[in-house]
Amino acid sequence: MREPILSVRDLSIVYRTGRRTSVTAAQDVSFDLYPGQSMALVGESGCGKTTLGLGLLRLLPRLGQVSKGEIVYRLKDGMSVDITGLAKEELRRFRWHEAAMVFQGAMNSFNPVLRIGEHFTDTLRSHEGEKRRTRAEITARATELLSMVRLEPERVLKSFPHELSGGMKQRILIALALALEPQVLVLDEPTTALDILTQRSIVEQLHELRERLGFAMIFITHDLGLAAELADRVATMYAGRIIEKGSAEDVFYEPRHPYTVGLIKAVPPVIGDLPELSSIAGSPPSLADLPSGCSFHPRCEWAVDACRETVPSLTVLTPRGEDGGHAAACLRAGDIEYTRKVVARA
Ligand SMILES: Nc1ncnc2c1ncn2[C@@H]1O[C@H](COP(=O)(O)OP(=O)(O)OP(=O)(O)O)[C@@H](O)[C@H]1O
Ligand SMILES: [Mg+2]
């Protein structure tokens with residue numbers, strides 16, 4: 001058995017919203033990520049995807065905090081470390097060297113007065129250890145990274161951010177995140193806001209880079225098509241919890257949580273006849289005021305009385321593959337009549 005590169009256990013993250021109030025934006029999240037694997041984190045807006053992604057690198061905003069759980073990485077030197085316990089200086093050494101993130105919407109947050117070359121200088125200088133790179137070394141490394149994402153280094157390094165397209169900027173962000181050869185890369189909505197052809201080329205690029213460099217990847221998206229294409233593993237989030245996880249085949253072809261089924265049925269297929277699309281009735285609950293029992297029950301056509309009372313735990317349905325196989329947090333997931341109908345209709 002190979003060992004995971006990242007093991008998350010019972011992780012909860014809270015945001016302080018007032019003097020005495022807080023909301024739990026990620027609750028009891030557990031999963032394993034293996035070397036070279038890619039995992040998609042899917043779910044509706046506000047379900048806690050970005051919060052979890054930021055938490056995995058301890059990059060939460062000031063009012064956000066890990067309240068419980070472990071985030072254990074296996075480092076390049078083979079040691080394991082729970083980053084929830086790291087001090088500031090240790091975290092600084094950890095980030096970008098071991099795990100890096102491409103932030104949601106970051107395409108628009110380049111410093112407009114700095115040329116791209118200077119962005120590389122800043123990133124490489126601020127995260128390097130004792131040995132300070134010379135200007136020539138930085139240019140060489142930036143050239144190498146930009147070629148890796150198929151951009152023309154001479155032109156791009158001299159450009160200001162506004163002179164480049166969205167797709168080019170997204171590629172630059174990926175190159176910057178890979179600058180210090182992290183083993184885990186978290187990408188938050190990497191293709192949102194790009195046209196479909198540019199999305200496609202970014203996806204191909206990520207495939208190719210992962211194959212070549214061997215990093216593991218967590219990408220956050222609400223685009224199920226993208227998830228199906230890029231992911232080995234899929235985790236669905238609802239109201240801060242992972243409510244289903246498994247291999248991409250299991251989750252997409254045999255979804256077992258009614259919410260995952262709803263998400264899949266809301267997406268038109270790329271080929272074939274257009275079936276009847278349906279959206280999920282209602283809207284996600286406010287984290288400050290979650291329904292009792294299973295938070296999805298008010299929107300669920302399969303809910304029974306017990307669903308209003310009990311919070312279902314993530315239960316293994318098919319122990320196939322790594323990270324416990326295919327699991328869903330639904331009291332009815334093991335129910336024969338339910339599964340026959342749900343799986344047949346998905
Ligand atoms: N800085 C913050 N302070 C307080 N609450 C926050 C903060 N950031 C996020 N939240 C709350 O945490 C919840 C999850 O937000 P998050 O941004 O993680 O969702 P998301 O799944 O990434 O959504 P989207 O798909 O829109 O990016 C939201 O309900 C939001 O209100
Ligand atoms: Mg988000």
Side-chain angles (χ1 to χ4, degrees), residues 8 10-31 38-69 71 84 99-109 166 170 173-174 177 184-194 199 202 217-228 230-231 233-245 251 257 259-260 262-264 266-267 279-280 282-291 294-296 298-299 329:
V8 178
D10 302 319
L11 181 69
S12 295
I13 296 169
V14 296
Y15 287 109
R16 215 168 64 228
T17 50
R19 224 176 226 266
R20 292 216 177 81
T21 51
S22 59
V23 295
T24 305
Q27 190 151 16
D28 297 320
V29 169
S30 297
F31 65 86
S38 69
M39 180 176 104
L41 204 55
V42 302
E44 275 165 302
S45 189
C47 70
K49 305 181 297 296
T50 296
T51 300
L52 179 56
L54 292 171
L56 294 179
L57 274 88
R58 294 257 325 261
L59 284 165
L60 291 163
R62 210 168 43 86
L63 296 176
Q65 199 185 346
V66 170
S67 60
K68 182 164 91 47
I71 308 171
T84 61
M101 183 153 179
V102 174
F103 298 96
Q104 182 168 17
M107 231 156 64
N108 307 314
S109 61
Q170 194 60 279
L173 288 170
I174 293 169
V184 176
L185 181 63
V186 180
L187 300 127
D188 194 352
E189 304 282 2
T191 64
T192 308
L194 297 173
Q199 285 189 7
I202 299 268
M217 162 164 111
I218 295 180
F219 64 93
I220 297 171
T221 180
H222 47 245
D223 182 340
L224 294 192
L226 181 70
L230 266 177
R233 309 275 310 166
V234 177
T236 312
M237 277 185 93
Y238 189 78
R241 290 177 186 270
I242 290 183
I243 50 93
E244 180 157 7
K245 65 176 181 177
V251 175
H257 195 290
Y259 177 65
T260 313
L263 282 181
I264 292 171
V267 184
S279 57
I280 306 172
S283 45
S286 154
L287 293 177
D289 186 20
L290 286 181
C294 168
S295 348
F296 186 60
R299 303 172 76 186

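We count ligands from 1, going down the list as the structure has it; atoms in each ligand are counted the same way.
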A.B. asks: If only atom types and distance count, is the side chain of S295 paired as donor or acceptor with the main-chain N or O of L290 below 3.5 Å?
C.D. replies: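 Pair absent, no side-chain N/O of S295 close to backbone of L290.
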
A.B. asks: Under 3.5 Å between any N/O of G48 and any N/O of ligand 1: does that happen in this structure?
C.D. replies: yes

A.B. asks: Who gets closest to atom 22 (O) of ligand 1 by heavy atom: I13, T24, T50?
C.D. replies: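 Of the listed residues, T50 has the closest heavy atom.
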
A.B. asks: State the atoms of ligand 1, each with its element, that fall below the 4.0 Å cut-off from a heavy-atom position in Q104.
C.D. replies: 27 (O)

A.B. asks: With a 4.5 Å cut-off on side-chain heavy atoms, are T236 and H257 touching?
C.D. replies: no

A.B. asks: Has S45 got an N, O or S atom lying less than 2.8 Å from the Mg ion (ligand 2)?
C.D. replies: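 S45 does not place any N, O or S atom closer than 2.8 Å to the Mg ion (ligand 2).
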
A.B. asks: Can you tell me the protein heavy atom closest to atom 23 (O) of ligand 1 and the distance?
C.D. replies: G46 N, 2.8 Å

A.B. asks: Side chains of L60 and Q65, heavy atoms from C-beta outward: is any pair under 4.5 Å?
C.D. replies: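 Result no, sub-4.5 Å side-chain heavy-atom pair not found.
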
A.B. asks: So which heavy atom in the protein is nearest atom 13 (C) of ligand 1, and how far is it from that ligand atom?
C.D. replies: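 The closest one turns out to be L287 CD1, 3.4 Å.
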
A.B. asks: If you measure every N/O of C47 against every N/O of ligand 1, is any gap under 3.5 Å?
C.D. replies: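 Looking only at distances, the answer is yes, because the N/O contact criterion of under 3.5 Å is met.
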
A.B. asks: Has Q199 got a side-chain atom pairing as donor or acceptor with L194's backbone, closer than 3.5 angstrom?
C.D. replies: yes

A.B. asks: Mind checking whether the Mg ion (ligand 2) has an N, O or S of T51 under 2.8 Å?
C.D. replies: no

A.B. asks: How close do M237 and G48 get, counting heavy atoms only, and between which atoms?
C.D. replies: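 Minimum heavy-atom contact is CE-O, 3.7 Å.
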
A.B. asks: With heavy-atom distances below 4.5 Å as the criterion, would you say the side chains of T50 and F103 are in contact?
C.D. replies: no

A.B. asks: Considering only heavy atoms from C-beta outward, does the side chain of L187 approach that of L173 to under 4.5 Å?
C.D. replies: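 They are not in contact (no side-chain heavy atoms under 4.5 Å apart), so the answer is no.
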
A.B. asks: Between K68 and D10, does at least one N-O distance fall below 4.0 Å, as a salt bridge requires?
C.D. replies: no

A.B. asks: For atom 25 (O) of ligand 1, state which one of H222, E189, M237, K49 supplies the nearest heavy atom.
C.D. replies: K49

A.B. asks: Could you tell me if any non-hydrogen atom of L63 lies under 4.0 Å from any atom of ligand 1?
C.D. replies: no

A.B. asks: Do the side-chain N and O atoms of E44 and Y259 include a donor-acceptor pair separated by under 3.5 angstrom?
C.D. replies: yes

A.B. asks: I'd like to know if G43 contacts ligand 1, where contact means a heavy-atom distance under 4.0 Å to any ligand atom.
C.D. replies: no

A.B. asks: Is atom 31 (O) of ligand 1 less than 4.0 angstrom from some protein heavy atom?
C.D. replies: no

A.B. asks: Look at atom 9 (C) of ligand 1 and say which protein heavy atom is nearest, naming residue and atom and giving the distance to 0.1 Å.
C.D. replies: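 For atom 9 (C) of ligand 1, the nearest protein heavy atom comes out as Y15 CE1, 3.5 Å.
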
A.B. asks: Should you measure from each heavy atom of T51, which atoms of ligand 1 turn up under 4.0 Å away?
C.D. replies: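 In order of number, 14 (C), 15 (O), 16 (P), 18 (O).
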
A.B. asks: Side chain, backbone, both or neither: which part of S45 comes within less than 4.0 Å of ligand 1 when only heavy atoms are counted?
C.D. replies: both

A.B. asks: How far apart are the closest heavy atoms of L41 and K49, and which atoms are they?
C.D. replies: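 Heavy-atom minimum between the residues: O-CD, 3.7 Å.
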
